[in-house]
2 protein chains.
Amino acid sequence: MGRKQLWDQAEVLASAMRLFRRRGYLGASLRDIEEATGLHPGSLYRVFESKDGLFRAALDAYNDQVVRGRVRVHLLEPADPVAGIRSFFTSAFETGLDPDPGCLLTNTAVESFTVPQAAAGVRRGLEAIESGFADALTRARALGLLSADLDVEESAARLLALYQGLLVLVRAGTPLTKLHTITDGAMASIGSEKEGQR
Amino acid sequence: MGRKQLWDQAEVLASAMRLFRRRGYLGASLRDIEEATGLHPGSLYRVFESKDGLFRAALDAYNDQVVRGRVRVHLLEPADPVAGIRSFFTSAFETGLDPDPGCLLTNTAVESFTVPQAAAGVRRGLEAIESGFADALTRARALGLLSADLDVEESAARLLALYQGLLVLVRAGTPLTKLHTITDGAMASIGSEKEGQR
DNA sequence: TCCTTAGTTGAACGATCGCTCACAAAAATA
DNA sequence: TATTTTTGTGAGCGATCGTTCAACTAAGGA
């Protein structure tokens, strides 16, 4: 009974993700959101209750789709986990002519003092990345690609920090060559020989 | 001739730094700034012209005093550059009961799409840190504390990324033990044996 | 002492913020 | 068809935003 919802919630959340990633929570006004999603405030508020509710929904969707998707494709599934870790890094900054690089998770972590309701979602996303690293490292070790006495837990934590740092540098406009240098160093630091992998 | 300025510019900039570090540029309203600095808008605008002008002045002061000060104390001056690198990291998160941890540089880098005037200052600060790492690494290599074939440029870039990543994780509320784990891993990754250094 | 100059004060401006709600439009039910 | 229920629309609300400025205060020079 009643009228059908004319818009797709996943599409709207995808638009909101992009907007929030570019401008941050405080930097994205409701007028911006209306323009990005094509919705009027009434519809937005009926479903998401508030700007904050929309943001939390967008962050959850980002975790479920973007973050976990990238973790799966680069860290869990590849037959060569070492190459997967590398591509997890490079795909974060080799975004072509993307006008708003960076990661909603990283940006929100930094903004989370002004948007405390988002802290839990941030933590969940970071954990997903870290355990993805741990999985890839464990598999790489089992395959003999990395040293048998590699400390997986420590290395996963360090790769997470390095990944977040890369996303900060991306936002600061660091040139691609330097980001590649950092990636190469990161791979070497877990004991990958990376000959001819580029 | 005329009246004397009743307030100290350095003190006001220090208050502004703290406020901007905690809340970000967009999250700090002029009413907040008035309360934090004790100044009325007329005085603020006479000297700094705009909120943006105050922010740029605060970021410059942060670079000149906080960032370069930390670089000097931990990276340039210590007789043991390896221990200095370690303390540069740990002092970033062992801030006691500081209610607003993190780094204005990191936070501004992330926010720099909504505050583009700050991008230049961010870049300058990041460069100061990176060249500080390079200096410490070069000295450590010369002292025989690190391997002679350590790639200083690459390691400095990677330490910068790791440092920025740590400051993201600090903001996300990561427990101290994990931050220490990451620091230990970072030291090991440049070839430090770090026996009994805590 | 009076005038000029520099600095302080805080009320108030227009713009924009997040948000509400009365109304219209479409689908399901009677 | 008439009624009920859900969804869409957008004007406009009070609050707060960054900013301005006229009145006021203190210091130096004549």
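Chain identifiers are assigned alphabetically (A, B, ...) following the order of the sequence lines, protein sequences preceding nucleic acid strands; residue numbering begins at 1 within each chain.
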The residue, B/R31 or B/L6, whose nearest nucleotide of DNA chain C is more 5′ is B/L6

So, does B/R3 get its side chain near the phosphate of D/dG28, meaning an N or O under 4.0 Å from OP1 or OP2?
no

Quiz item: Does B/W7 place a side-chain N or O at less than 4.0 Å from the phosphate oxygens OP1/OP2 of C/dG7?
Solution: no

A/K4 NZ to C/dA28 P, in whole Å, measures 5 Å

(message) If the cut-off is 4.0 Å, is A/H40 near the phosphate of D/dG10, judged by side-chain N/O to OP1 or OP2?
(response) yes

| said: For the residue pair B/D184 / B/T181, report whether a side-chain donor-acceptor contact shorter than 3.5 Å exists. | reply: no

Between CG of B/L26 and P of D/dG18 the distance, given in whole Å, is 9 Å

Review point. Has A/K51 got a side-chain N or O lying under 4.0 Å from the OP1 or OP2 atom of C/dG18?
Key: yes

> Would you say A/E111's side chain and B/E111's backbone share a donor-acceptor pair under 3.5 angstrom?
Replying inline: no

Is there a side-chain polar atom (N or O) of B/S29 under 4.0 Å from OP1 or OP2 of D/dC17?
-> yes

Practice problem: Give a yes/no answer on whether the side chain of B/R46 brings an N or O atom under 4.0 Å of OP1 or OP2 in C/dA6. | Solution: no

From CD of A/E35 across to P of C/dT16 the rounded distance in Å is 14 Å

A/L44 CG to D/dT7 C1', in whole Å, measures 13 Å

From OH of B/Y45 across to C1' of C/dC13 the rounded distance in Å is 13 Å

Is B/R70 positioned over the aromatic face of B/F88, cation under 6.0 angstrom from the ring centre and no more than 45 degrees off axis?
yes

Would you call the rings of B/F48 and B/W7 parallel, tilted or perpendicular, where under 30° means parallel and over 60° means perpendicular? tilted

*For D/dG8, does OP1 or OP2 lie under 4.0 Å from any side-chain N or O of A/S43?*
yes

